[in-house]
Protein chains: 2
Amino acid sequence: MMPPKNKIEVPDIVVSRLPLYLRALNFLAEEGVETISSAELAQRLGISSAQIRKDLSFFGEFGKQGTGYNVEFLRKKIKEILNLTRIWDVALVGAGDLGHALVHYGGFLGQGFRISLVFDNNPQKIGQEIAGLIIQPASRMKELIRQHGIQIAIIAVPASAAQKVTDELVAAGVRAILNYAPITLKVPPDVHVQYIDPVTRLQHMTYYLK
Amino acid sequence: MMPPKNKIEVPDIVVSRLPLYLRALNFLAEEGVETISSAELAQRLGISSAQIRKDLSFFGEFGKQGTGYNVEFLRKKIKEILNLTRIWDVALVGAGDLGHALVHYGGFLGQGFRISLVFDNNPQKIGQEIAGLIIQPASRMKELIRQHGIQIAIIAVPASAAQKVTDELVAAGVRAILNYAPITLKVPPDVHVQYIDPVTRLQHMTYYLK
DNA sequence: GCCAAATGTCACATTTTTTCACAAAATTCT
DNA sequence: AGAATTTTGTGAAAAAATGTGACATTTGGC
């Protein structure tokens, strides 16, 4: 087996597809499927089989000719690649409706993430419990995030507050941010940001309607 | 002024950036900025000015040499391009925590979208009011969506139910789906789907951590 | 009137991403 | 055992997207 190609950098778009592969593999594992070909996996995901094989080849050789991929094995490998062999603690900033929905969302824990800190700046909310967590004052963000060694945060505050929160998170040592506020954040180059904005997604689709 | 280039198809990736431009322009308009150059807009969005000019040139000539773009004018033009000169009624399927957060989210209305139907299949929830809307039984989806002439839907149900819901939405005439369930949906080629899954986004970022 | 600024466009160059095609390997069938 | 089939991994080709540089042109300011 060839060693992983550490020399050349893996394109970000390839990395972005790995979680989708993993999601499908998790599903297959639950179904009890032991082996799957790139063609069948591709069909489920609505992409081409060549793309899957090419993507995976950046990291190693995980399949068997004539057979395909062992679901459990590939699942494990992708988890390793994505650093999902541990549980990541996540800080959530903003305990509004969205924050509540996120804290109660059961989908994180099984996939390697645990919201372990929740912040808000509303005095009415601070101190309240939500899904077993006490809402902390935003003023203690830096302190607590440092203390917990947290590297990932979710921003669920209004757009007007998002940049300030971001600056504080970055100062506290956060290196990955999932941002639900509809605003482009300014961050240092070593901090990763992913955006989730339903409105821009809907607007994208209306282009094709009528 | 040249006519819009209707002959060649506009790349989807270009369309996907228009909502971001619009979002920035809305912000600028609120700030009272009347004019902006592609360079300044680019800086705010973290992309290149050439890209903005090239993207916009697919649709017409909206700027003024020596000056830049009139914020209000460009805003109006992008809204026209994206078919945002009307309000789109949206059906929401799933009245759980996420569904509640979406219904209460104030960000839709100002941007051209109004959730006007909410469905769930839980008898306990059906008939309840949520932000002025009565939760309807999933069994009435086809009927009510048809009746309201709704073309856009948001799926906020568990992954296990998402494909069934999708099939029903498509049968009811929905042509654009914003899917929060962590599963790739099968739809006819004329139906557009956008995916929102915080877990895959987080997993994407953990690749780069430690 | 002249200078500086900024767009729109063209033609390429460059980079990135996807697709193609096929040898090699593993499995199944007869 | 040998032939046929399946499927991977991967170079090579193709396609798509982005970046660059030049430049005519228009506008606004001095």
Side-chain angles (χ1 to χ4, degrees), chain A residues 1-18 20-21 24-25 28 33-75 77-78 81 204, chain B residues 1-18 20-21 24-25 28 33-75 77-78 81 204:
Chain A
M1 178 173 147
M2 274 181 67
K5 299 170 179 174
N6 290 327
K7 291 289 168 57
I8 51 168
E9 188 136 353
V10 179
D12 186 63
I13 194 161
V14 170
V15 176
S16 76
R17 281 190 291 260
L18 296 183
L20 302 179
Y21 301 163
L25 291 167
L28 288 164
V33 177
E34 288 182 6
T35 289
I36 191 159
S37 68
S38 60
E40 200 181 338
L41 188 56
Q43 209 198 356
R44 292 202 181 221
L45 293 168
I47 60 178
S48 78
S49 63
Q51 184 159 73
I52 292 180
R53 294 200 302 275
K54 190 87 182 195
D55 284 351
L56 295 178
S57 77
F58 278 99
F59 305 98
E61 304 185 356
F62 307 126
K64 220 189 228 177
Q65 278 121 330
T67 308
Y69 300 88
N70 177 284
V71 171
E72 274 308 331
F73 178 74
L74 184 55
R75 202 156 81 107
K77 284 300 175 185
I78 293 182
I81 293 164
H204 180 172
Chain B
M1 177 174 145
M2 274 181 66
K5 298 170 180 174
N6 290 328
K7 291 289 166 59
I8 50 168
E9 188 137 352
V10 178
D12 186 62
I13 194 164
V14 171
V15 176
S16 76
R17 282 189 291 259
L18 296 182
L20 302 180
Y21 300 164
L25 290 166
L28 288 164
V33 177
E34 289 182 3
T35 289
I36 191 159
S37 67
S38 59
E40 200 180 339
L41 188 57
Q43 208 200 354
R44 291 202 181 222
L45 293 168
I47 59 178
S48 78
S49 62
Q51 183 158 74
I52 292 181
R53 294 203 301 278
K54 201 168 248 185
D55 283 353
L56 295 177
S57 76
F58 276 101
F59 305 99
E61 304 184 357
F62 307 126
K64 222 187 226 177
Q65 279 119 333
T67 308
Y69 299 90
N70 177 285
V71 171
E72 275 306 332
F73 179 74
L74 184 55
R75 200 155 84 106
K77 285 299 175 186
I78 293 181
I81 294 164
H204 179 172

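Chain letters run A, B, ... following the sequence lines, proteins first, then strands; residues in each count from 1.
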K.L.:
Could you check how far CD1 of A:I52 sits from P of D:dT8, rounded to whole Å?
P.N.:
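That distance rounds to 9 Å.
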K.L.:
Using whole Å, what does the distance between atom C1' of nucleotide D:dT27 and atom CD of B:E34 come to?
P.N.:
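That distance rounds to 16 Å.
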K.L.:
Tell me, do B:R53 and B:F62 make a side-chain contact under 4.5 Å, heavy atoms counted?
P.N.:
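Answer no - side chains too far apart.
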K.L.:
Where is the tightest heavy-atom contact between A:S49 and A:A42, given as atom of each residue plus distance?
P.N.:
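Scanning both residues completely, I find the closest heavy atoms to be N-CB, 3.5 Å.
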K.L.:
Atom CZ of A:F58 to atom P of D:dG9: distance rounded to whole Å?
P.N.:
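Distance, rounded to whole Å: 14 Å.
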K.L.:
Base, sugar-phosphate, or nothing for B:L56, non-hydrogen atoms under 4.0 angstrom?
P.N.:
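Result for B:L56 = nothing.
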K.L.:
With a 4.5 Å heavy-atom cut-off, do B:H204 and A:V15 have their side chains touching?
P.N.:
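With C-beta onward as the side chain, the pair touches.
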K.L.:
Could you pull out the closest heavy-atom pair between A:I13 and A:S16, with the gap in Å?
P.N.:
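For A:I13 versus A:S16, the nearest heavy atoms are O-OG, 2.7 Å.
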K.L.:
What does the list of N/O pairs under 3.5 Å between the protein and nucleotides 19-21 of chain D look like, with a distance for each?
P.N.:
residue	atom	partner	partner atom	Å
D:dG19	OP2	B:S48	OG	3.3
D:dG19	O6	B:K54	NZ	2.7

K.L.:
Pick out the pairs of N or O atoms, protein on one side and nucleotides 1-4 of chain D on the other, that lie under 3.5 Å.
P.N.:
none

K.L.:
Find out whether A:L56 and A:L74 are in side-chain contact, i.e. whether some heavy atom of one side chain is under 4.5 Å from a heavy atom of the other.
P.N.:
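Counting from C-beta outward, A:L56 and A:L74 do come under 4.5 Å.
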K.L.:
Expressed as a whole number of angstroms, how long is the span from A:D55:CG to C:dT17:P?
P.N.:
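That distance rounds to 10 Å.
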K.L.:
I'd like a table of atom pairs between the protein and nucleotides 5-7 of chain D - only N or O on both sides, under 3.5 Å - with the distance next to each one.
P.N.:
residue	atom	partner	partner atom	Å
D:dT7	O4'	A:G66	N	3.2
D:dT7	O2	A:G66	N	3.4

K.L.:
To the nearest Å, give me how far apart CZ (B:F73) and P (D:dT27) are.
P.N.:
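After rounding, the reported distance stands at 13 Å.
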K.L.:
Just the rounded figure in Å: distance from P of C:dT18 to CG of A:L45.
P.N.:
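Distance, rounded to whole Å: 14 Å.
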K.L.:
Identify the heavy atoms of A:L18 and A:I81 that sit nearest to each other, and give their distance.
P.N.:
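That would be CD1-CG2, 3.7 Å.
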K.L.:
With a 4.5 Å cut-off on side-chain heavy atoms, are B:R75 and B:L28 touching?
P.N.:
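No, too far: nothing below the 4.5 Å cut-off.
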K.L.:
Tell me: CD1 of B:I13 to P of C:dT16, nearest whole Å?
P.N.:
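Checked: the CD1 to P distance equals 14 Å.
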K.L.:
Nearest whole Å is fine: how far is D:dT8 P from A:F59 CZ?
P.N.:
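Those two atoms, CZ and P, are 18 Å apart.
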K.L.:
Taking all atoms of both residues into account, what is the closest heavy-atom pair of A:S38 and A:I52, and its distance?
P.N.:
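Nearest pair, atom of A:S38 first, then A:I52: O-CD1, 3.8 Å.
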K.L.:
Given side chains that start at C-beta, do those of A:P11 and A:F58 come closer than 4.5 Å, heavy atoms only?
P.N.:
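Result yes, sub-4.5 Å side-chain heavy-atom pair found.
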K.L.:
Are the side chains of A:Y21 and A:I47 in contact, using a 4.5 Å heavy-atom criterion?
P.N.:
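A side-chain contact under 4.5 Å exists here.
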K.L.:
Any heavy-atom pair between the side chains of A:E34 and A:V71 that's under 4.5 Å?
P.N.:
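No. Closest side-chain heavy atoms not under 4.5 Å.
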